[in-house]
Amino acid sequence: MVNMSQILLEWYDRNARVMPWRVSPSDRADGVKPDPYRIWMSEVMLQQTTVAAVRDYFRRFTDRWPTVTDLANAQDADVMAEWAGLGYYARARNLLKCARHVVEHHGGVFPNTHDALLTLPGVGPYTAAAISSIAFDLPETVVDGNVERVISRLYDIHTPLPTSKPELTALAKSLTPTERAGDYAQAIMDLGATICTPKSPACGICPWREPCLARANGTAADLPKKVAKKPKPTRVGIVYIARREDGAWLMETRPDKGLLGGMLAFPTTEWGETTDDHPPASAEWTELETEALHTFTHFHLRLRIQTAWIDTTPSRGHFLSASDFSPTALPTVFRKAFDLAHETMRHN
DNA sequence: TATTCGTGGAG
DNA sequence: TCTCCAAGAAT
């Protein structure tokens, strides 16, 4: 049988998707090298995030900060504001940490070994392998959700994830070619994203349809098996949206650790099974009839919204002038609350 | 090893 | 409406 990786690479040469961070196979053949900074940036953004969601963020980040040194010199608040809406905000904090580390300890040049990449903040096994193979053409093996799905089907593995992960990783490694490892990594992920999809995979047009055991056994659509996830509880909280007479908004920067860490926010109570009213300033607070509803990774939130105009010194938070405030810098849950409240908070 | 950490689109 | 889930990492 013809080499499996060769079949996939030939498929990729004909079907590679166009992405802002990607060097096409033909350009690669002409000697065009990918920029490690852009590969790193894209891979961090793509962690648990769809290509469609990442595209515009990637363009804005690389337009504003074209090199790792530019990013290292950026203000924390500017980076967090630019990341707002993309989710998993620890990625943005680690992005800055990593950029500054690369400038400080590597002279602004990304390290070009898998082990050195692994030590960088926000770079784990997947991302280190992705940068190694795609940016430096090292024969490392990427194992993301796509690869787990493709490999579990190819070998008809019924052991549920994450138990099966070591086995899938070993099988994935055994398939990785020593030549064109970067194109191969992108090829197997493209395959998972476009053909070997979670629901109703297009086995009929798959370049690996012949060797695929799950296709032969009719089990492809049922793989990979996964352990059942816990149901999401519902938490409640109160958000306080207040303005001063000059129009400035009362805001908080959330602590670096935990949910929405480091992000610009309105003051809130803690979120739990119940919540206690703890406004950040004494004022005449008015509660909206409508709550902001939002779902995070592991819980649903019903957020009550209270508004006020205040002329006393708040006990917490800081004022942000109307001209410096932009709702686009807010994580989505606060953006929702703002959209519901701003009608009643118009400044005359 | 298990939990925490966002968001929006697909079905 | 609701569940799944997407190029995972940190703790």
Side-chain angles (χ1 to χ4, degrees), chain A residues 16-17 19-22 38-58 80 83-95 97-98 117-135 140-150 161-163 165-166 169 172 182 184-194 196-201 221-222 224-235 254-263 265 271 293-301 330-336:
Chain A
R17 296 193 290 170
M19 300 178 193
W21 50 86
R22 178 176 280 184
R38 294 165 64 87
I39 299 302
W40 162 72
M41 175 87 68
S42 68
E43 291 301 341
V44 171
M45 288 183 170
L46 286 163
Q47 290 166 5
Q48 296 291 286
T49 309
T50 58
V51 168
V54 164
R55 272 206 166 87
D56 289 345
Y57 282 88
F58 178 83
M80 300 313 289
W83 197 277
L86 196 55
Y88 284 147
Y89 297 101
R91 293 184 296 172
R93 302 194 300 277
N94 284 328
L95 195 77
K97 224 183 268 180
C98 182
L117 288 165
L118 253 186
T119 70
L120 300 175
V123 176
Y126 164 77
T127 305
I131 299 172
S132 297
S133 59
I134 298 171
E140 299 292 340
T141 300
V142 295
V143 182
D144 71 332
N146 289 305
V147 175
E148 290 173 352
R149 187 171 56 255
V150 169
L161 283 164
T163 307
K165 174 110 182 190
T169 298
Y184 175 81
Q186 295 174 91
I188 194 169
M189 290 189 285
D190 271 19
L191 185 71
T194 62
C196 196
T197 52
K199 299 164 191 173
S200 52
D222 302 322
K225 302 282 191 189
K226 296 186 177 182
V227 295
K229 28 187 91 157
K230 297 194 305 188
K232 294 179 184 185
T234 297
R235 298 182 188 171
R254 293 173 66 89
D256 273 350
K257 305 261 182 197
L259 189 70
L260 310 178
M263 294 303 291
W271 303 338
L293 304 179
H294 191 72
T295 299
F296 294 97
T297 309
H298 52 295
F299 67 93
H300 303 287
L301 177 66
L330 296 169
T332 300
V333 64
F334 293 115
R335 180 87 185 259
K336 287 181 181 177

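Chain naming here is simple, since letters A, B, ... match the order of the sequence lines and numbering starts at 1 in each. Computed from a prediction, not measured in an experiment: that's the story for all the values here.
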Interatomic distance where CH2 belongs to A:Trp83 and P belongs to C:dA9 [whole Å]: 13 Å
Touch class at under 4.0 angstrom, heavy-atom based, for A:Met263 against every strand present: nothing
Between C:dC2 (P) and A:Leu293 (CG): distance, integer Å: 11 Å
A:Asp256 with A:Lys97: basic N within carboxylate O range, under 4.0 Å: no
Separation of atom CG in A:Leu191 from atom P in C:dA6, rounded to whole Å: 14 Å
Closest non-hydrogen atom pair, A:Tyr57 against A:Ala84: OH-O, 2.8 Å
Sugar-phosphate only, base, or nothing, as touched by A:Arg335 at under 4.0 Å among non-hydrogen atoms: nothing
Between B:dA2 (C1') and A:Lys226 (NZ): distance, integer Å: 16 Å
Separation of C:dA10 C1' from A:Asn94 CG (nearest whole Å): 8 Å
For the student: nearest non-hydrogen atoms of A:Gly85 and A:Thr332, plus distance: CA-OG1, 4.1 Å
Interatomic distance at P, B:dG8 relative to C:dA9, whole Å: 22 Å
Residue whose closest nucleotide on DNA chain C lies nearer the 5' end, A:Pro121 versus A:Gln186: A:Gln186
Under 4.0 Å protein heavy-atom contact, by nucleotide of nucleotides 4-11 of chain B - B base, S sugar-phosphate only: SBBBS---
Between CE on residue A:Met41 and CD1 on residue A:Ile131, distance to nearest 0.5 Å: 11.0 Å
Interatomic distance, A:Trp40 CH2 vs C:dG8 P [rounded to whole Å]: 17 Å
Sugar-phosphate only, base, or nothing, as touched by A:Arg22 at under 4.0 Å among non-hydrogen atoms: base
Atom-to-atom span, NZ of A:Lys165 to P of B:dT1 - whole angstrom: 12 Å
Euclidean distance, atom CZ of residue A:Arg149 to atom C1' of C:dC5 [Å, nearest integer]: 9 Å
Euclidean distance, A:Phe334 CZ relative to A:Leu260 CG, rounded to 0.5 Å: 6.0 Å
For residues 228-235 of chain A, run the donor-acceptor check on the side chains, cut-off 3.5 Å, and write out each pair with its distance to 0.1 Å, sequence neighbours left out.
{"unit_1": "A:Lys232", "atom_1": "NZ", "unit_2": "A:Phe296", "atom_2": "O", "d": "3.3"}
{"unit_1": "A:Lys232", "atom_1": "NZ", "unit_2": "A:Thr297", "atom_2": "O", "d": "3.3"}

Sugar-phosphate only, base, or nothing, as touched by A:Val123 at under 4.0 Å among non-hydrogen atoms: sugar-phosphate
Quick one: side chains of residues 121-129 of chain A, donor-acceptor pairs under 3.5 Å with protein atoms, not counting sequence neighbours, listed by atom name and distance.
{"unit_1": "A:Tyr126", "atom_1": "OH", "unit_2": "A:Glu43", "atom_2": "OE1", "d": "2.6"}
{"unit_1": "A:Thr127", "atom_1": "OG1", "unit_2": "A:Gln47", "atom_2": "NE2", "d": "2.9"}

